[in-house]
Amino acid sequence: MTDFKNSVFQGRSVLAEKDFTAAELSYLIDFGLHLKALKKAGVPHHYLEGKNIALLFEKTSTRTRSAFTTAAIDLGAHPEFLGANDIQLGKKESVEDTAKVLGSMFDGIEFRGFSQRAVEGLAQYSGVPVWNGLTDEWHPTQMLADFMTVKENFGHIKGLTLTFMGDGRNNMANSLLVTGAILGVNIHIVAPKELHPTQEVQDIANGFAADSGAKLLITDDLDEGLKGSNVVYTDVWVSMGESNWEERVKLLTPYQVNMAAMKKTGTPDDQLIFMHCLPAFHDTTTEYGKEIEEKYGITEMEVTDEVFRSKYARQFEEAENRMHSIKAMMAATLGNLFIPRV
Ligand code: CP
Ligand code: NVA
């Protein structure tokens, strides 16, 4: 009889990138590319037939919620959305008790929220795979889609250089720094000194970089940080749960991704792309965008509309890849697939 525990992924949670090897992350990225091809060819892949998936969202989401929902359905599973105002978690019931209840009914749990400890607690007490759909610290499912997009564009991942411009202390900067370090991608974090990654995150990344050969650079210097880059990446200046717009607009305006920043890379056009996890403030068509224009007189924040709509832009391919890569992750950790080693 097949020993399903032979799979390196079966039953595992995905809480943070640092828990996975380069080979494991690369497997999930390649499996995502394979599932994308199956989807485009109309080939069914019901690896999770009959499974129930809980989708817990303390924070709002467009992509992550949609990706988990459609991925679960394509895999033959049933997704159930449990929003912050729908369940007792945190207000009336502890993480431990909630985890025990959900684990007795659901086969897998996605959690998006504030605290990394909460997602770890769900994994500890539920007895089923738990997938981190973003916390204040890490955004691992975004990494699978991002490096899948990088692979689609360049044909390989190792040895490329990715520059993240903006809030170097947020979940995206943390995840890119550590994941790049694991995969052998040179990561440059270009941010004002006040927003450089914490020493703890830098230490984790440096540990992996020593093995992979990735060169990591944390700087406030635009010229140094952008030079030789293949991927220019940015994220919102104020993350969910924060509200310090004035401070961030002041600190981060010089770190906006505009055409001048793209040019500073010095990279030929066919070796250069722009990425953004989204949502993005590239114009004033949103409530926040309008408010920021009224208060601070700027119509674009972390990226200009010109770059967002340019030939370099890959953010919508990246968004679509959330679905394929989340599907790969759920199938690998819950689908009893034959993956004895990677
Ligand atoms: N990139 C991302 O996580 O998007 P959502 O916040 O819309 O899920
Ligand atoms: N740093 C952003 C990422 C959104 C996908 C946030 O946490 O709001």
Side-chain angles (χ1 to χ4, degrees), residues 14-17 32 53 55-72 79 81-84 110-116 118-119 131-150 162 164-179 189-191 195-198 201 231 233-245 247-249 251-252 255-257 274-282 286-289 292 301-303 308 313-327 329-330:
V14 179
L15 306 178
E17 303 82 352
I53 310 287
L55 304 179
L56 270 60
F57 281 84
E58 275 181 356
K59 291 177 177 172
T60 53
S61 164
T62 297
R63 276 144 291 273
T64 309
R65 178 178 174 179
S66 306
F68 269 99
T69 303
T70 51
F81 178 76
L82 305 168
E110 179 276 352
F111 174 82
R112 163 172 288 200
F114 295 89
S115 131
Q116 184 68 18
V119 78
W131 306 295
N132 178 356
L134 178 147
T135 61
D136 290 345
E137 285 175 55
W138 310 107
H139 198 1
T141 65
Q142 182 76 48
M143 291 306 104
L144 298 177
D146 288 356
F147 287 100
M148 183 177 157
T149 309
V150 167
L162 180 151
F164 175 87
M165 304 232 300
D167 175 8
R169 293 179 94 86
N170 76 10
N171 40 21
M172 282 304 306
N174 291 346
S175 280
L176 285 167
L177 188 63
V178 170
T179 310
I189 304 287
V190 187
L195 295 173
H196 281 186
T198 63
V201 170
V231 182
Y233 201 118
T234 191
D235 182 18
V236 289
W237 289 346
V238 176
S239 287
M240 289 182 275
E242 299 178 326
S243 57
N244 44 348
W245 291 95
E247 175 206 278
R248 291 293 166 80
V249 167
L251 279 175
L252 289 171
Y255 296 88
Q256 179 189 64
V257 177
F274 165 76
M275 291 176 68
H276 192 311
C277 53
L278 301 177
F281 293 113
H282 58 96
T286 60
E287 276 175 34
Y288 281 135
I292 295 300
M301 282 190 263
E302 73 274 11
V303 56
F308 195 81
R314 296 292 185 279
Q315 67 276 4
F316 292 114
E317 286 91 326
E318 192 184 348
E320 179 192 326
N321 285 341
R322 298 295 308 285
M323 195 268 267
H324 306 296
S325 52
I326 282 171
K327 195 185 277 181
M329 176 191 70
M330 289 199 292

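Read the numbers this way: they start at 1 and go in the same order the structure lists the ligands and their atoms.
- Counting heavy atoms of neighbouring residues, nucleotides and ligands inside a 6.0 Å radius, atom CZ of R169 exceeds 12 of them.
- Across every non-hydrogen atom of S175 and P140, the tightest pair is OG-N, 4.2 Å.
- The closest approach between any non-hydrogen atom of K59 and ligand 1 is not below 4.0 Å.
- Considering only heavy atoms from C-beta on, L195 stays 4.5 Å or farther from Y255 through its side chain.
- For S239, a nitrogen or oxygen atom sits less than 3.5 Å from a nitrogen or oxygen atom of ligand 2, counting backbone and side chain alike.
- For atom 2 (C) of ligand 1, the closest non-hydrogen atom on the protein side is R322 NH1, 3.3 Å.
- Protein heavy atom nearest atom 8 (O) of ligand 2, with residue, atom name and distance: M240 N, 2.8 Å.
- Ligand 2 has an N or O atom lying under 3.5 Å from an N or O atom of N171, backbone or side chain.
- Close contacts of ligand 1 with T62, meaning ligand atoms under 4.0 Å from a residue heavy atom, involve 5 (P), 7 (O), 8 (O).
- Of all the atoms in ligand 2, the ones that sit under 4.0 Å from a non-hydrogen atom of L134 are 3 (C), 4 (C), 5 (C), 7 (O).
- Closest heavy-atom approach to atom 3 (C) of ligand 2 within the set N170, V238, D235, D167: this belongs to D235.
- Ligand 1 is approached by L278 to a heavy-atom distance shorter than 4.0 Å.
- The closest donor-acceptor contact from the side chain of N174 to the backbone of E137 lies under 3.5 Å.
- Within ligand 2, the atoms closer than 4.0 Å to a non-hydrogen atom of L278 are 5 (C), numbered from 1 in the order shown.
- Looking at heavy atoms from C-beta onward, V236 lies out of side-chain contact with Y288 at the 4.5 angstrom threshold.
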